[in-house]
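One structure is given below, encoded as structure tokens.
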Amino acid sequence: MKPANRLEQRPPKPQATPRQRQLDELLVLRELLSPADVPPDLETGEELLYLRPGHSPQLIRRLRRGRFSVADTIDLHHMSETVAREVLLQFLNEAARRRCGCVRVVHGKGLRSRGMPKLKLMTQGLLRKHPAVIAFASCRAVDGGTGAVNILLRGKVAPSA
């Protein structure tokens with residue numbers, strides 16, 4: 001039995017150290033001090049806009065404002081450029097076959113890409129050439145901003161409220 005008149009002494013616990021926070025702050029500092037990989041004339045935050053000739057400019061205004069109901073969405077994050085191209089082509093062909101009026105592609109802003117936003121540039125090039133695409137525009141900030149694009153396809157187009 002322990003004597004009742006003794007106090008059990010324990011050393012005080014050490015202060016908690018926010019190691020993950022310190023590592024995060026160190027990584028941010030290193031990133032800020034490292035030379036930029038992106039050429040200064042290329043801005044990854046640029047808005048994508050395209051309207052096929054012969055269509056009303058009002059379509060692009062309505063598309064930029066999010067006035068069309070998005071029937072389907074695909075996310076290309078974490079895909080290689082080759083895989084993303086194939087997946088995007090299949091997605092567009094399937095959406096055109098189903099007569100979707102408006103679809104969304106999330107391509108990302110290319111912030112982790114070395115050099116240029118490869119998926120964003122690939123998406124823009126492919127959309128300009130695809131026969132089913134009437135127009136495309138970067139999304140509103142709440143829908144993904146310049147990291148996503150709404151696409152207006154030939155066929156049924158249903159405006160949202």
Side-chain angles (χ1 to χ4, degrees), residues 20 23-161:
Q20 189 60 49
L23 287 173
D24 288 344
E25 288 173 355
L26 183 63
L27 285 173
V28 168
L29 184 60
R30 282 185 185 161
E31 188 175 320
L32 288 173
L33 294 175
S34 67
D37 291 331
V38 181
D41 59 330
L42 175 73
E43 186 167 321
T44 59
E46 278 192 35
E47 183 179 19
L48 298 181
L49 280 175
Y50 174 76
L51 178 63
R52 191 170 297 280
H55 293 278
S56 169
Q58 186 179 11
L59 283 176
I60 200 81
R61 272 187 251 124
R62 291 174 61 206
L63 189 61
R64 286 178 75 194
R65 294 177 183 159
R67 301 282 190 231
F68 292 98
S69 176
V70 176
D72 206 354
T73 302
I74 190 167
D75 190 346
L76 303 178
H77 278 104
H78 307 293
M79 293 185 194
S80 70
E81 192 174 352
T82 309
V83 171
R85 179 182 301 280
E86 290 302 315
V87 168
L88 181 56
L89 270 173
Q90 289 175 2
F91 175 75
L92 290 173
N93 292 336
E94 182 62 24
R97 188 190 65 74
R98 290 188 341 227
R99 303 193 45 83
C100 295
C102 182
V103 293
R104 180 173 296 147
V105 173
V106 180
H107 49 70
K109 296 181 181 183
L111 299 178
R112 294 187 192 128
S113 297
R114 289 195 169 101
M116 296 186 287
K118 293 177 183 176
L119 292 181
K120 184 175 183 175
L121 294 173
M122 179 277 300
T123 300
Q124 180 180 18
L126 193 142
L127 292 177
R128 284 180 178 270
K129 295 177 185 175
H130 199 282
V133 174
I134 295 173
F136 60 87
S138 291
C139 295
R140 299 175 303 157
V142 296
D143 298 326
T146 58
V149 64
N150 285 336
I151 306 160
L152 199 58
L153 300 172
R154 295 187 191 279
K156 183 179 87 173
V157 177
S160 65

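Worth saying up front: this structure is predicted, and the values here are computed from it rather than measured.
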Would you mind reporting whether V70 and D143 have side-chain heavy atoms less than 4.5 Å apart?
no
Using a 6.0 Å cut-off, check whether atom CZ of R52 has over 12 heavy atoms from anything other than its own residue.
yes
How far apart are the closest heavy atoms of L63 and C102, and which atoms are they?
CD1-SG, 4.0 Å
Taking the side chain from T146 and the backbone from E46, do they hold a donor-acceptor pair closer than 3.5 Å?
no
For H107 against T123, the heavy-atom pair lying closest together
CB-OG1, 3.8 Å
Side-chain contact test, heavy atoms from C-beta onward, threshold under 4.5 Å: evaluate it for D72 versus R98 and give yes or no.
yes
Can you tell if the side chain of Q124 reaches within under 4.5 Å of the side chain of L121, non-hydrogen atoms only?
yes
Evaluate the criterion side-chain contact (heavy atoms from CB on, under 4.5 Å) for residue pair N93 and H130; output intermediate values, then yes/no.
CA-CA 9 Å; N93 292 336; H130 199 282; 2.9 Å; yes
Atom CG of L119 and atom NE2 of H78: how far apart are they, to the nearest 0.5 Å?
10.5 Å
Are V105 and F91 close enough, and set up right, to give a side-chain contact (heavy atoms from CB on, under 4.5 Å), and what steps lead you there?
CA-CA 9 Å; V105 173; F91 175 75; 4.1 Å; yes
side-chain contact (heavy atoms from CB on, under 4.5 Å) assessment of Y50 paired with L127
CA-CA 9 Å; Y50 174 76; L127 292 177; over 6 Å; no
Looking only at heavy atoms, which two atoms of L51 and P57 are closest? And how far apart?
CD2-CA, 3.7 Å
So how far is it from S138 OG to K120 NZ, rounded to the nearest 0.5 Å?
5.5 Å
Show your reasoning for whether side-chain contact (heavy atoms from CB on, under 4.5 Å) applies to T73 and V103.
CA-CA 6 Å; T73 302; V103 293; over 6 Å; no
May I ask you to decide if P131's main-chain N or O and R154's side chain share a donor-acceptor pair within less than 3.5 Å?
yes
Taken to the nearest 0.5 Å, the spacing of R65 CZ from R140 CZ works out to 11.5 Å
Nearest heavy-atom pair of C100 and L153: which atoms, and what distance?
O-CB, 3.5 Å
Of the non-hydrogen atoms in A137 and V149, which two are nearest, and what is the gap between them?
O-CG2, 3.3 Å
Look up atom CZ in R104 and atom CD1 in I74, then write down how far apart they are to the nearest 0.5 Å.
13.5 Å
Once you round to the nearest 0.5 Å, how far does CZ of R128 lie from CG of L48?
8.5 Å
Which distance, rounded to the nearest 0.5 Å, do you find between the CE of M79 and the CD of E86?
11.5 Å
